[in-house]
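Here the structure comes first, spelled out in structure tokens, and everything after it is commentary.
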Amino acid sequence: VSEPPGCAALRDQYAQVRARTLELAAPLSPEDCAAQSMPDASPVKWHLAHTTWFFEVFVLEAGSESYRVFNPAFRVLFNSYYNAVGDQYQRSQRGLLTRPDLATVRAYREHVDAAVDGLLARGALSAREAGVLEIGLHHEQQHQELILTDVKHLLSCNPTHPAYRELPAPPRQRAAALRWHREAGGVCWVGAGERGYAFDNERPRHRVFLEPFELASRPVTNREYLEFMRDGGYTCAQLWLSEGWSAARARGWRAPLYWEPHHDGWRVMTLAGLRELDLDAPVCHVSYFEADAFARWAGARLPGETEWELVACQAPVKGNFAESGLLQPAAALELSGAPGQLFGDVWEWTRSAYAPYPGFRPLQGALGEYNGKFMCGQQVLRGGSCATPGSHVRASYRNFFYPPDRWQFSGIRLARDA
Ligand SMILES: [Fe+2]
């Protein structure tokens, strides 16, 4: 839709994004990088290879006749889900790929980086190819977040609570009192316009009709979530969606993911190891079902994604993103009159099913599989988290996960009918 940046700008962006991925992997051993803790999470080595595969298949093979493929077997090994590209190695078995080893995957990255950099240095990309390369950079940023969430899950499986790396303690302060922000609704425009980068699922910009509603001034805190737990939130079926109640029972949920009871209160597994629960920080690692049950208990509901966007598009895209280095949600420093913490800290579950916008057109070719084919059975989350690169998010950004998923930095913001 919009013009991609020129080759010189893309060359800088490419170098920065690719280096950042290696920076995220730097604290990890080869053993850390090889293991897979569950089917939803991938080994870091696989993330490192798959993001490289994306550029090899969609930019280099498609756009450069002289490009020499690094290893033809990688076409299948590191294809995530693109049927138009061919077969894929089974997702749940990615942790069994002890070969190629980490050093070979690093060499693969260098091989592809040199070829891409050569193309960009020569200015040898058409506008279409530059557009695909730009998608590859946003794709790699998505995997940067997954590296953090997948490593956190992996390390949480170890009873010694190892730290990913040492991290500064988030600022401890009292969360501001929750206030309600009223919106009149009516006919509103949502979705990404034609300018600037956006994924196909954010377009086209279109009108929706919204009844008057209120949005909470900040996300739900751990203190508030504890009240829900103490009030029998996990044992009262009336609060839960039927599917949620079944999931909570089958999986034995009694608290958010990564919470551990101690004699003197709850501890939580973080990327810095086990820490005391910060009661003022936004609650995190809850499923859609838990978010929905909490909202019902609180006499409220979750926001619709377009309600959320209507408020968020009036706010600056600032917050506790991965660059803050906390890698943990934190209580807001200061809240002005408008709702705060819309961006960063925690992804906010919405009650909107992930579905195409009116007039949605997937990208042409294999990249049409990027978003469109997942528009069934998932819920939209908004706003980015403390593990999201800050330059990756915008008000129209639509993330999506299955209702029982808890390993992303997912939290709760309340809404209600006005
Ligand atoms: Fe991917």
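For ligands, and for the atoms within them, numbers begin at 1 and follow the listed sequence.
The aromatic ring centres of Y82 and F58 sit less than 6.0 Å apart. Taking the six-membered ring where the residue is Trp, the centroids of F400 and Y402 are separated by 6.0 Å or more.
Note on ring orientation: taking the six-membered ring where Trp is involved, the planes of F343 and W308 are perpendicular (angle over 60°, cut-offs 30° and 60°). A perpendicular orientation is assigned to the rings of F228 and F294, their planes being inclined by more than 60° (bins at 30° and 60°).
Excluding waters, the protein N/O/S atoms found under 2.8 Å from the Fe ion (ligand 1) are H50 NE2, H139 NE2, H143 NE2.
For the pair R94 and F78, the NZ or CZ position fails the cation-pi test of under 6.0 Å to the six-membered ring centre and within 45 degrees of the ring normal.
Under the 4.0 Å criterion applied to side-chain N and carboxylate O atoms, E183 and R416 are not assigned as salt-bridge partners.
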